[in-house]
Number of protein chains: 2
Amino acid sequence: MTKAIHDHEEGRAQPGRVTITALSAALGLSKSTVSRALNGYPDISERTRLRVRRGAETMGYRPLSHAQAIRTGRVRALGLVVQIGDHDAQRPFLADFLAGISVAASAEGWTLTVATADSEADAVRTMEQLVEDRKADGFILPRTLSHDARVALLRARGVPFVMFGRTADPEGCAWFDILGEAAMRDAVLHLASLGHRRIAFVNGGTAYNYSRLRLQGYRDGLDAAGLPEDPELIRGGALNTDDGARETRALLALPQPPTAVVFAVDHAALGLYRACAERGLQVGRDVSVISYDGVPDGAHVQPPLSSFTVDTRAAGHRLAELLIDRIRGAAPETLRETARAAFADRGSAGPPRLSSEALSKRLATETT
Amino acid sequence: MTKAIHDHEEGRAQPGRVTITALSAALGLSKSTVSRALNGYPDISERTRLRVRRGAETMGYRPLSHAQAIRTGRVRALGLVVQIGDHDAQRPFLADFLAGISVAASAEGWTLTVATADSEADAVRTMEQLVEDRKADGFILPRTLSHDARVALLRARGVPFVMFGRTADPEGCAWFDILGEAAMRDAVLHLASLGHRRIAFVNGGTAYNYSRLRLQGYRDGLDAAGLPEDPELIRGGALNTDDGARETRALLALPQPPTAVVFAVDHAALGLYRACAERGLQVGRDVSVISYDGVPDGAHVQPPLSSFTVDTRAAGHRLAELLIDRIRGAAPETLRETARAAFADRGSAGPPRLSSEALSKRLATETT
DNA sequence: CTCGTTTCCGAAACCGGTTTCGGCAATTGG
DNA sequence: CCAATTGCCGAAACCGGTTTCGGAAACGAG
């Protein structure tokens, strides 16, 4: 008897499983009828369709997705390639994001295949592999770039995908996104209504599409508040706490420092706390700040960081639903949704205690 | 012509793919010979085996795992069910953990199926589903409990698994773990060598198996340092910053407060910073602290938190390798490994500036 | 040189589904 | 009342692999 080198002790054909053959035999129908009945073919009478459905229900029949896949090419799996080392801010969200996707997927009987990559090129390669090996029927793309190589690949291959975020060229793209621009605009308006007149903006990474949008939102906010735009008050490239502290120091060193700062990224905003502590400034009194993301860390500083919080879990949930629709054939144009971030006012933004001039003077005298 | 209700516009049989039939035809061999050659059956001559391997290589043949699965029952996928909402500390690690698993898995041509659950019971149900639907051939179990329902299920079903952590009953279990007890012991010895004599311990969640071990490590450390054990100095259940602050306050309120604290969890240790700030104590001078995990946040406090850092990515990597070996049939007893956490001395532990008595006095006078 | 073993490979069945095709019975139309 | 549809289902092929089984050729022993 021939035998494989690796011996697999566990029995192959698992005992309990009810196959389509068993089901059809029990119903006195042919395999093909059962299959077509279950898959909604029109050439099956309503009566038999119902009988089959009921039978499948009671016998607990569940088709093996990989057995179906061999003919249909679909494995009922969503793909997600997360880029790591990329941007620390992403990490705390990942668990919630996965939870949202996973729940929505399993509600439809789908699963989630996850891979990681350490660069955009690597991500593209990884997705190609997954498609090639049919490990995923479509992809959720987190952190969309303005010009995204992943989108180019998937478009070329005709692989379904949805983006978390929008992109420059929307052709053939489906997406779910949070309106960061609206949040930034509201942040500026909120600060202006408190009496601030010099409101700075510290943006995130420039390659991301959201940066462009959030900057625009900040500008719209200034415009709506009737405030002038001062290029000195606009900075960018701040993704983590160190970056945020650096940019804050630069802003405080201006002849006319801002009395309030809007950050595009919470983790960067936490850097403002550090920079303010260095100069003996009190956040929320001497300098106000409003940010975006809603990271848990923001609740643990004093005063807690006021931030537009993103419901990452809900986003993952919706993205999974959209992707499944997309894979089932819905047109991408019909699968575009946005939602707003919820403002959590926790006390880091208050009316200005000092004017810009007074603030500048105080900083000058305190200089070591 | 009959047609499905959901019309799937994309072509089924994808063009480029080379099947085993095509390969065998090109080689002038039968499908079965090619299959057996590739799978290492002994009844294939070395010459043909080589020829087939080479042919597969040049033609770029890659078997579809789900086509194989229909006969073998193996889909070449690892399963991971992460419990969320469970323990905040887990979140920052998740990305690295996934990266480690993903890299090791794909190196062997495997993929990773991820699902989430919000309770242990839910995790068990989810894993049953995945096994039932053959979406995973085995599982990596993070955060092992002393008595774990997941282990019970998988053992009963004969599904391969490896644990990140050890468990009370090792029967049939494979694992990779970091020696938290050794770290706790070293922490105590380090503090003792600096001159501390009242060293407290704040443990994490009691249900986790690691808590038991770390407490034991702390005790061993006291023993090795020749210090007496004081039940008042042992506290537990601290998983996040709030918990840690609470426990620190309780310790500082003791008649003889500790001059150093060992934490089992970094996020809890960060709470000590808060509690110390409230009382005007300087961390690393008035009160020393050493912790465990190596979370990035620990580097951003003043002074940075000295901590035994865990290489989560490496752990994920090794766990994936072990699981694949396990699925291929290796005995669980041969798949048990441990590693040590690396001590990152960042300045939060120094020689005691005040004795316990002096500290107590100072705290008493400062009381509002 | 003959006969029993090995060695090595092909034919065919199989895994659990899907899809094509054809045919019977019941309708419909003229 | 007969012919042409239509509705509904079964038989069989198929998807891309794995595994069983049997037999031809090469080998070794007597």
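Only a predicted model underlies this, so the values are computations on that prediction, with no experimental measurement involved. So that the names make sense, note that chain A is the first sequence line, chain B the second, and so on, each numbered from 1.
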Any donor-acceptor N/O pair under 3.5 Å between C:dG16 base and A:Lys31 side chain: no
Backbone N/O of B:Cys173 and side chain of B:Arg336: donor-acceptor pair under 3.5 Å: yes
Interatomic distance, A:Arg76 CZ vs C:dG17 P [rounded to whole Å]: 12 Å
Shortest side-chain distance from B:Thr48, nucleotide among C:dG17, C:dC8, D:dG10: C:dC8
Cationic N near anionic O, under 4.0 Å, B:Arg157 to B:Glu132: yes
Phosphate OP1/OP2 of D:dC9: any A:Tyr41 side-chain N/O under 4.0 Å: no
Protein-nucleotide distance (A:Asp133, atom CG; D:dG16, atom P), rounded to Å: 14 Å
Selected nucleotide, minimal atom distance to B:Ile70 side chain, candidates C:dG16, C:dT18, C:dC14: C:dG16
Distance below 4.0 Å between A:Ser32 side-chain N/O and D:dG10 OP1 or OP2: no
Passing candidate, side-chain contact (heavy atoms from CB on, under 4.5 Å) with B:Phe176, options B:Glu337, B:Met163, B:His317, B:Arg166: B:Glu337
Spacing between B:Leu27 atom CG and C:dC9 atom P, to the nearest angstrom: 12 Å
Sugar-phosphate only, base, or nothing, as touched by A:Thr33 at under 4.0 Å among non-hydrogen atoms: base
Results of side chain to side chain contact (heavy atoms under 4.5 Å, CB included) for A:Ala25 - residues two or more places apart only: none
Worked check of side-chain contact (heavy atoms from CB on, under 4.5 Å) between B:Val75 and B:Asp137: CA-CA 7 Å; B:Val75 289; B:Asp137 301 322; 3.4 Å; yes
Spacing of A:Arg51 atom CZ relative to D:dC8 atom P, expressed in whole Å: 14 Å
Distance, rounded to the nearest Å, where A:Arg36 contributes CZ and D:dA12 contributes C1': 12 Å
Euclidean distance, atom CZ of residue B:Arg71 to atom P of D:dC14 [Å, nearest integer]: 20 Å
Whole-Å gap separating P (C:dG17) and NE2 (A:His66): 9 Å
Distance below 4.0 Å between B:Ser35 side-chain N/O and D:dT18 OP1 or OP2: yes
Side-chain donor-acceptor pair present, A:Thr113, A:Lys135, cut-off under 3.5 Å: no
Backbone N/O of B:Ala149 and side chain of B:Glu120: donor-acceptor pair under 3.5 Å: yes
Side-chain N,O (A:Ser45) to OP1/OP2 (D:dC9) below 4.0 Å: yes
Overall bend - the helix from C:dC1-D:dG30 to C:dG30-D:dC1, comparing terminal axes fitted on five pairs, nearest 10 degrees: 40°
Any A:Ser30 side-chain N or O less than 4.0 Å from OP1/OP2 of D:dC9: no
Value in whole Å for how far the P atom of C:dA25 lies from CG of A:Asp43: 18 Å
